[in-house]
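See structure below.
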Protein chains: 2
Amino acid sequence: MLDEAVNLENSLEAGGEPERRVRDRGATERAILAAAKRLLAEEGFQNFGINAVARRAGCDKQLIYRYYGGLDGLVEAIGADLGTWVKDRIPEDTGGMFLLTYGDLMERLSLLLLDALRDDPLMRRILAWEISENTEQVRRLSEARSKALALWLERMRGSLTPPKGVDTAAVNAIVIAAIQHLVLAASAGGQCAGLSLKTSKDWEKAATALKRIVRGVYG
Amino acid sequence: MLDEAVNLENSLEAGGEPERRVRDRGATERAILAAAKRLLAEEGFQNFGINAVARRAGCDKQLIYRYYGGLDGLVEAIGADLGTWVKDRIPEDTGGMFLLTYGDLMERLSLLLLDALRDDPLMRRILAWEISENTEQVRRLSEARSKALALWLERMRGSLTPPKGVDTAAVNAIVIAAIQHLVLAASAGGQCAGLSLKTSKDWEKAATALKRIVRGVYG
DNA sequence: CCCCGCTGTCACCAATCGGTGAGTAGCGGG
DNA sequence: CCCGCTACTCACCGATTGGTGACAGCGGGG
């Protein structure tokens, strides 16, 4: 998949013979999808359009219309691809520790989510997109992302029962919101609410504070 | 200021006589700024451009170049205008309660910030902009917004000393991040991490959870 | 074998973008 | 009254956008 993308991309400026493309619809489709994902991850949703994707995929935009029915279909394909996100981010074992309290679990999950978002530019861009626009396109993508996140959380939680007397849904949503905004702000401007978020030392402080907050509610 | 803006805007489609504009540079400048702020607040940064602002202000874009030196200058003017945000949002008295603990203060501040952001579309759009782009334009605007927020927090805090043993800067940054993301997500999609944020009942639940979190760290 | 279909390319469309230079219109001072 | 300064408008530029129709070339089935 990646090889094909690179090949297609380079075929634009590769000197020498014209380097005729192989006629392989499947490969082209995958190359387009890969190019779209890379483009979105690297450049953001601002300049994400038919022309840009076609340019990066090294093919004509007409093919995007033909194979995906336009940008909407392509975005939908990206959303469908997001389902794989979960599998990649689930450690098989719990790292030797088991029989956790809910507090232990949420602390661990928070830090895992923080790290996962920190090195997933595509997810970050989608998150920013969700916040900035409210088109049908984005709504579908948002739904896919949300479902993936929910599934991830559910898998990680296992069979642990949440404590009583606390609105865990609301509390967890706020914790997740904090994590997401922290990562987004850091990724965009290197800081959040005056807190610098550049060096790994900065992130340690943030992680410590996050742990403290989670521990504060869940003991 | 508002009257002028409305007047200028309507002068486009107002039937009847041409409704000649008065030649008043100051008024035009203010009308442009007001139009820009309204446009940004209502439409977001996506379609925020010279043409759109001029269209909404009911004047030629050339005037924007002349009076503000282009979009950058106009954005800068918006940023400068953000300084007034603080004054509008500071209640004169502390509502009868004084001599608060730091926990009391942060709880109150959190809820105030939540509400303030909830009914300030311009601030929300700027926030979303900060997260989605990293141009010099946005960086300046971000700085102005950040400074306004910091000033607001400082004014509200008064002379209360923070507790020891806690990285209040980091913790507060995370709390603020949570609030901001909550409001942004709600404004865009009506929910955040599976938590619905539409009805006032939804928001009560969120506020309660937020209070619980703040109380958890600051006692 | 030829022909049809599928893959891929190219040329073109109207609309909009940011940006600029030249020209018009009205107010105020002499 | 008239002239000049200034606020303001208009027309145009090249670039880019999303979108469409026509065409080229290879390959497999009749």
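Fair warning: this is a prediction, and the values are worked out from it, not measured in the lab. All chains are named by letter (A, B, ...) in the order of the sequence lines, taking the proteins before the strands, and each is independently numbered beginning at 1.
Ion pairing between A:Arg140 and A:Glu143 fails under the 4.0 Å rule for side-chain N and carboxylate O. Salt bridge status for A:Arg125 with A:Glu42: absent, with no side-chain N to carboxylate O gap under 4.0 Å. Between B:Asp119 and B:Arg89 there is a salt bridge, with a side-chain nitrogen of the basic residue lying less than 4.0 Å from a carboxylate oxygen of the acidic one.
Between B:Arg25 and D:dA7 there is a side-chain polar atom (N or O) within less than 4.0 angstrom of OP1 or OP2. Under 4.0 angstrom from either OP1 or OP2 of C:dT7 there lies no side-chain N or O belonging to A:Thr28.
Looking only at side-chain heavy atoms (C-beta outward), A:Leu40 and A:Leu122 come within less than 4.5 Å of each other. Within the 4.5 Å cutoff, the side chain of B:Ile50 has heavy atoms near those of the B:Tyr65 side chain.
Between the axis at the start and the axis at the end of the helix from C:dC1-D:dG30 to C:dG30-D:dC1 there is an angle of 30°, using five pairs per end and rounding to 10 degrees.
Spacing between atom CD of B:Glu29 and atom P of D:dT6 amounts to 14 Å, rounded to whole angstrom units. The CD-C1' distance, from A:Glu43 to D:dT17, rounds to 16 Å in whole Å. Regarding B:Asp24, its CG atom lies at a distance of 15 Å from the C1' atom of C:dG28, rounded to whole Å. Separating the CZ atom of A:Arg66 from the C1' atom of C:dC6 is a distance of 8 Å, rounded to the nearest angstrom. Atom CG in A:Leu63 sits about 14 Å away from atom C1' in D:dC23, given to the nearest Å.
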Show me the donor-acceptor pairs within less than 3.5 Å that the side chains of residues 168-182 of chain A make with the rest of the protein, sequence neighbours left out.
residue, atom, partner, partner atom, Å
A:Asn172, OD1, A:Tyr218, OH, 2.9
A:Asn172, ND2, A:Tyr102, OH, 3.1
A:Asn172, ND2, A:Thr168, O, 3.2
A:Gln180, OE1, B:His181, NE2, 2.8
A:His181, NE2, B:Gln180, OE1, 2.8

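Counting only distance, with no hydrogens or angles, the side chain of A:Arg118 and the backbone of A:Leu114 share no donor-acceptor pair below 3.5 Å. One N or O on the side chain of A:Arg139 and one on the backbone of A:Asn134 form a donor-acceptor pair closer than 3.5 Å. With hydrogens and angles disregarded, a donor-acceptor distance shorter than 3.5 Å links the side chain of B:Thr28 to the backbone of B:Asp24.
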**OP:** Using a 4.0 Å heavy-atom cut-off, write out nucleotides 16-21 of chain C from 5' to 3' as B (base contacted by protein), S (sugar-phosphate only) or - (no contact).
**Re:** -SBBBB

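At a cut-off of 3.5 angstrom, the base of D:dG27 holds no donor-acceptor pair with the side chain of A:Arg23.
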